[in-house]
Amino acid sequence: MSSSSPTRQPQTFGLPWPDLNHGLLYNDVVRASDSELTLIEFYSSKYKNSAPLQGWLQRIRNGQITVDGEVVKDPSTILRVGLELVYHRLPWREPDAPYLLEVLYEDDDMIALNKPSGLQVLPGGLFQQRTVLTQLLWQATKKISPLSCQEPHPVPVHRLGRGTSGILLCAKTKHAKTQLAAYFADGTSNIGDDSNTSMEAHAVRKISKIYRALVTGILCEDKVIVKQPIGVVRYPGVAKGLYVASATGKPALSKVEVLEREIHKNRTLVQVEIQSGRPHQIRIHLSYIGHPLLGDPLYVLGGQPKCLDSDFVDESFAVDGGFLRPTKPVPGDCGYNLHAHQVILSHPSSNEVIKVTAPLPAILRTQQETEELVSTTNTKNAADGECTFNRFP
């Protein structure tokens with residue numbers, strides 16, 4: 001088997017975020033089941049996770065809702081079948097987030113990015129504009145040729161948590177999107193216990209993902225396989241529920257390998273390969289075995305959140321009428337060290353096996369890796385910001 005390891009100076013792109021986003025428009029058409037409801041009844045019941053009753057009253061009286069194109073400020077307005085409703089969420093300043101993205105690998109079908117910690121992948125919650133997707137769309141717009149109306153628009157095919165850094169795969173064509181999405185789905189549906197992570201094992205699995213993580217405490221075993229299922233529980237501030245370790249959840253598998261034990265700091269550097277891809281799987285599995293990610297604000301021992309009071313709901317609301325930011329930790333909170341370090345996949349068009357590697361943050365390097373990097377700091381191939389990819393025929 002031959003291999004090559006071409007290296008290059010890192011390429012980055014990204015535009016600074018505007019101070020305010022453009023707000024959002026939410027469109028609805030009144031169905032027969034909602035006919036005869038009042039305007040306030042419709043919104044306070046259909047979108048109760050967005051704002052409490054008083055918040056929706058404020059939004060209506062503020063003129064943020066139109067009915068068939070006309071602003072309606074009377075909350076007791078009766079709705080009829082077929083009416084078009086639009087709620088305009090006013091522009092707001094989203095929380096600070098990095099905007100520069102490093103390109104690790106790119107061809108006509110796909111692009112692999114090095115996502116920084118603190119940047120959300122897709123719109124959600126307070127982050128509607130400050131996302132990877134927005135930067136991809138802005139970059140694609142810059143590249144549009146006047147001679148072509150079918151330029152590729154890259155889209156992420158999986159997610160990384162906002163606090164997680166590292167490799168994010170994006171498709172540039174519909175075919176690549178379908179193929180890559182299938183790779184991730186197959187990995188999750190076909191969960192086994194084979195610990196082989198070689199190229200031969202990859203012939204069965206179309207994609208392998210290897211992470212670096214720093215966990216609390218000293219992990220005694222050199223290798224641990226975690227098969228704890230992951231389910232959902234009600235949690236304040238998370239509309240669709242919080243993912244936790246649950247006996248009634250869906251199957252999940254993580255392979256944990258110790259890289260270095262830092263006895264004096266009571267922490268362990270580990271490598272984690274995930275075959276399934278449940279939300280927050282690594283955070284949950286590592287906390288489940290008694291070693292949560294160092295600095296994780298949410299998950300503690302047992303794969304559960306620090307605070308779990310699913311019946312608590314804060315009815316106070318912010319200036320825009322929506323709920324205040326939860327006082328309890330939520331999944332998007334950062335502070336932990338988790339990095340998608342390597343991805344090995346079959347190319348969606350050529351079936352070549354490609355290995356993409358994202359440079360490691362200093363805190364996630366072993367002592368040997370740090371020493372090797374320092375000793376070659378004046379050469380291009382060992383530059384901290386450099387990235388590599390390998391092709392295997």
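Keep in mind that the numbers below use all heavy atoms, side chains included, and drop hydrogens, waters and symmetry copies.
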Could you check whether any side-chain heavy atom of [X] comes within less than 4.5 Å of a side-chain heavy atom of [Y], counting everything from C-beta outward?
X      : Y      : result
Ile274 : Ile282 : yes
Ile60  : Thr77  : no
Glu106 : Lys172 : yes
Leu214 : Leu364 : yes
Thr216 : Arg267 : no
Pro75  : Thr38  : no
Asn21  : Trp92  : yes
Ile218 : Ile263 : yes

| Excluding sequence neighbours, so at least two apart, what forms salt bridge (Lys or Arg N to Asp or Glu O under 4.0 Å) with Asp222? |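 For Asp222 the salt bridge (Lys or Arg N to Asp or Glu O under 4.0 Å) partners, ignoring immediate neighbours, are Arg261.
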If only atom types and distance count, is the side chain of [X] paired as donor or acceptor with the main-chain N or O of [Y] below 3.5 Å?
X      : Y      : answer
Gln120 : Thr131 : no
Asp107 : Asp109 : yes
His339 : Pro359 : yes
His347 : Ser350 : yes
Glu94  : Arg130 : yes
Arg162 : Gly332 : yes
Thr141 : Leu137 : yes
Lys115 : Thr164 : yes
His280 : Gly161 : no
Thr268 : Leu219 : yes

| request: Could you please spell out the steps behind the side chain to side chain contact (heavy atoms under 4.5 Å, CB included) verdict for Lys206 and Leu345? | output: CA-CA 5 Å; Lys206 292 289 189 178; Leu345 75 153; over 6 Å; no
Looking only at heavy atoms, what is the nearest atom pair of [X] and [Y], with distance?
X      : Y      : result
Ile167 : Val343 : CD1-N, 3.6 Å
Leu20  : Gln129 : O-OE1, 4.1 Å
Gly231 : Ser246 : N-CB, 3.7 Å
Pro348 : His175 : O-NE2, 2.9 Å
Asn114 : Ala358 : OD1-CB, 4.0 Å
Pro236 : Lys328 : CG-CD, 4.0 Å

| said: Quick check on the 6.0 Å ring-centre criterion: do Phe127 and Trp17 meet it? | reply: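 Aromatic pair excluded; centres sit 6.0 Å or further apart.
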| query | Do Gln58 and Gln54 get their side chains close enough for a donor-acceptor pair, meaning under 3.5 Å? | reply |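 Their side chains do not contain a donor-acceptor pair, so the 3.5 Å distance test is not met.
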| request: Report yes or no: do Arg278 and Tyr243 form a side-chain donor-acceptor pair below 3.5 Å? | output: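 There is no such pair (donor and acceptor under 3.5 Å, judged by atom type) between the side chains of Arg278 and Tyr243.
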Using the rule that Ile, Leu, Val, Met, Phe, Trp and Tyr join whenever any side-chain heavy atoms are under 4.5 Å apart, tell me whether [X] and [Y] fall into a single cluster.
X      : Y      : value
Leu160 : Val103 : yes
Ile111 : Leu122 : yes
Tyr299 : Leu301 : no
Val300 : Leu286 : no
Leu15  : Leu101 : yes

Euclidean distance, [Y] [atom2] relative to [X] [atom1], rounded to 0.5 Å:
X      : Y      : atom1 : atom2 : result
Leu360 : Glu369 : CG    : CD    : 5.5 Å
Cys170 : Leu180 : SG    : CG    : 9.5 Å
Leu298 : Gln304 : CG    : CD    : 10.0 Å
Leu37  : Ser45  : CG    : OG    : 6.0 Å
Asp34  : Leu83  : CG    : CG    : 11.0 Å
Arg59  : Ser44  : CZ    : OG    : 11.5 Å

| message | Before you tell me yes or no, could you show the steps for Tyr183 and Val157 under side chain to side chain contact (heavy atoms under 4.5 Å, CB included), namely the whole-Å CA-CA distance, both residues' side-chain angles and the distance that decides it to 0.1 Å? | response | CA-CA 10 Å; Tyr183 293 173; Val157 293; over 6 Å; no
Count the heavy atoms belonging to other residues, nucleotides or ligands that lie under 6.0 Å from [atom1] of [X], then report whether that count exceeds 12.
X      : atom1 : result
Gln367 : CD    : no
Arg80  : CZ    : no
Tyr288 : OH    : no

| request: Verify side chain to side chain contact (heavy atoms under 4.5 Å, CB included) between Ile207 and Leu169, making sure each step is shown before the conclusion. | output: CA-CA 11 Å; Ile207 190 163; Leu169 295 178; 3.7 Å; yes
| message | Determine whether Arg212 and Val270 satisfy the following criterion, side chain to side chain contact (heavy atoms under 4.5 Å, CB included), listing intermediate values before the conclusion. | response | CA-CA 6 Å; Arg212 285 285 180 99; Val270 300; over 6 Å; no
| query | Taking the inter-plane angle between the rings of Trp56 and Tyr87 on a 0 to 90° scale, is it parallel (under 30°), tilted (30 to 60°) or perpendicular (over 60°)? | reply |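 Perpendicular.
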| request: Could you give me the CA-CA distance, side-chain angles and deciding distance for Gln135 and Gln139, then say whether side-chain hydrogen bond (donor to acceptor under 3.5 Å, both in side chains) is met? | output: CA-CA 6 Å; Gln135 291 291 353; Gln139 180 71 0; over 6 Å; no
